Number of protein chains: 2
Amino acid sequence: MELSPLTEAFVMHFGEMGSRWGINRTVGQIYALLYISGRPLPADEIAQSLNFSRSNVSMGLKELQSWQLVRLQHLPGNRREHFTTPDDVWQIVRTLAEQRRAREVDPTLSVLRDLLVAQPRSEEDRQAQEKLREMHDLIELLVGWADDVSKLETKELVQLLKLGSKVVGLLELKSRLPLLGRGTRGAAPVEDHEQD
Amino acid sequence: MELSPLTEAFVMHFGEMGSRWGINRTVGQIYALLYISGRPLPADEIAQSLNFSRSNVSMGLKELQSWQLVRLQHLPGNRREHFTTPDDVWQIVRTLAEQRRAREVDPTLSVLRDLLVAQPRSEEDRQAQEKLREMHDLIELLVGWADDVSKLETKELVQLLKLGSKVVGLLELKSRLPLLGRGTRGAAPVEDHEQD
DNA sequence: ATGTCCTTTCAGAATTTTCTGAAAGAACAA
DNA sequence: TTGTTCTTTCAGAAAATTCTGAAAGGACAT
């Protein structure tokens, strides 16, 4: 139940970071411990390792399960419930993105849309709506990108990330090779369509 | 000093969201108000509009300035200090990314690196280091991508985001046109270099 | 049924964070 | 200098969150 200094250092740092991202410290630590352990752990062991009460661990695990970041596992011949993180880091990133999207981004887009269709009651409101429109469009663009690249296989996604800004160069090339087709996601063509 | 219902709805939602991202609710509201107002506001007016104590506003603005999200402005012929957000939404995204990077991502990478060079004291530690390595490499890849695309002009960045996963198709094309050159960022070639 | 071993729930304690009012500081005018 | 108008700081009040122990719930064996 004693953590090695290595594990402890990681767990502590992760807890600290978690608390800066709206995740409570102990939940972050539980997650970090599960991640670094790389094997299913029973709640009791987590409680002992981290010096939390059993009930706190139970709450933390419930929270993590609701985020789909941890899943329950029954080991054969063992009555105790064990918990694990998916072992692929990329899966973790995907889940995190999905969940944040569903919990925070989508509701925000929804609020923004509601406010954008409301009748402005003053010149002030009209200007405010312009700002909201900008924010709405930006978020929608980011979300669209995320949606689109999340469909890629991890290997392709890695390639895309490694390519980085080089894409822009390729884009120019593309415009000279019409055979590739022009259509892109939804109604938004890739080619410039705004004044320069 | 009365907020229009439109502004109020936005400010309240933004405050709520802020608190889920590790930003305190009132700081989020102050920021939202400055953003949607689109003009420099004095601290007093913020305090009155949001019903916060003057000192709370002072603290909030200090925090926002430390994040570089808000700047102080002196209006000519007015002794009172006024505050504004940059008016370009993309600038906001860039600043947010930079700051999160400096405050959370870089320190995390540093911890991970320290733990990775430490001598493992057990088989358990060795396996833990493998997990840390995966996480380290993933973060470094994401950070590298962000670094790279942040150099783009906003217009180009928008193009790149609209393109989304289409990039992968272009990539294949690229591999058939060697004249474009092969080098990419740093020592990491884009082409596959792992077994399939 | 009862006992064992595990689980979650939840009221309230403990802790942390946030917010305020009072005081002090700064800049300027007269 | 003093007065005015603005500012920030900070100790402690207020509020929110987190954590715990006790109790209750559930699954299974005997």
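Naming convention: chains lettered A, B, ... in sequence-line order (proteins, then strands); numbering from 1 in each chain. All values reported here derive from a predicted model rather than from experimental measurement.
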statement: Atom CG of A:Leu41 and atom P of C:dT7 are separated, to the nearest Å, by 13 Å

- prompt: So which one's nearest nucleotide on DNA chain C is more toward 5', A:Pro42 or B:Arg79?
  reply: A:Pro42

field: d(CZ, B:Phe52; C1', C:dG21) in whole Å
entry: 17 Å

message: As a test of reading the structure: which of C:dT7, C:dC19, D:dT7 is closest to the side chain of B:Asp44, going by heavy atoms?
response: D:dT7

statement: From the candidates C:dT7, C:dT9, C:dT20, the one with an atom nearest any side-chain atom of A:Arg54 is C:dT7

task: Indicate whether OP1 or OP2 belonging to D:dT9 is found under 4.0 Å from a side-chain N or O atom of B:Lys62.
output: yes

- prompt: Does NZ or CZ of A:Arg100 lie under 6.0 Å from the centre of the six-membered ring of B:Trp21, at an angle within 45° of the ring axis?
  reply: yes

query: Quick one: does A:Ser55 reach the base of D:dG21 with a side-chain donor-acceptor pair under 3.5 Å?
result: yes

For residues 79-92 of chain B, which side-chain N or O atoms pair as donor and acceptor with protein atoms under 3.5 Å away, sequence neighbours left out?
| from | atom 1 | to | atom 2 | distance (Å) |
| --- | --- | --- | --- | --- |
| B:His82 | ND1 | B:Arg80 | O | 3.1 |
| B:Asp88 | OD1 | B:Trp90 | N | 2.9 |
| B:Gln91 | NE2 | B:Thr95 | OG1 | 3.2 |

field: Side chain of B:Ala43 (C-beta onward), nearest among D:dT7, C:dC5, C:dT7
entry: D:dT7

message: Nearest whole Å is fine: how far is C:dA14 P from A:Asn24 CG?
response: 19 Å

task: Report the nucleotide, chosen from D:dC19, D:dT8, C:dT20, that has the shortest atom-to-atom distance to any side-chain atom of A:Thr26.
output: D:dC19

message: Please determine whether salt bridge (Lys or Arg N to Asp or Glu O under 4.0 Å) holds for the pair B:Glu98 and B:Arg94, giving the CA-CA distance in whole Å, both sets of side-chain angles, and the decisive distance to 0.1 Å.
response: CA-CA 6 Å; B:Glu98 260 172 44; B:Arg94 286 171 196 266; over 6 Å; no

- line: B:Asn56 atom CG is separated from D:dC10 atom C1', nearest whole Å, by 13 Å

- prompt: Could you go step by step and tell me if A:Ile23 and A:Trp67 meet the side chain to side chain contact (heavy atoms under 4.5 Å, CB included) rule?
  reply: CA-CA 11 Å; A:Ile23 291 159; A:Trp67 279 84; 5.5 Å; no

N or O in side chain of B:Ser58 less than 4.0 angstrom from D:dT8 OP1/OP2: yes

Whole angstrom value for the distance that separates P of C:dT20 from CD1 of B:Ile46: 14 Å

- prompt: Over how many whole Å does the gap from B:Arg80 atom CZ to C:dA27 atom P extend?
  reply: 18 Å

statement: Of all heavy-atom pairs linking B:Ala43 and B:Leu61, the shortest is CB-CD1, 4.0 Å

query: Could you give the CZ-to-P distance, from B:Phe83 to D:dC6, as a whole number of Å?
result: 13 Å

field: Gap between atoms CZ and C1', on B:Arg25 and D:dT17 respectively (whole Å)
entry: 11 Å

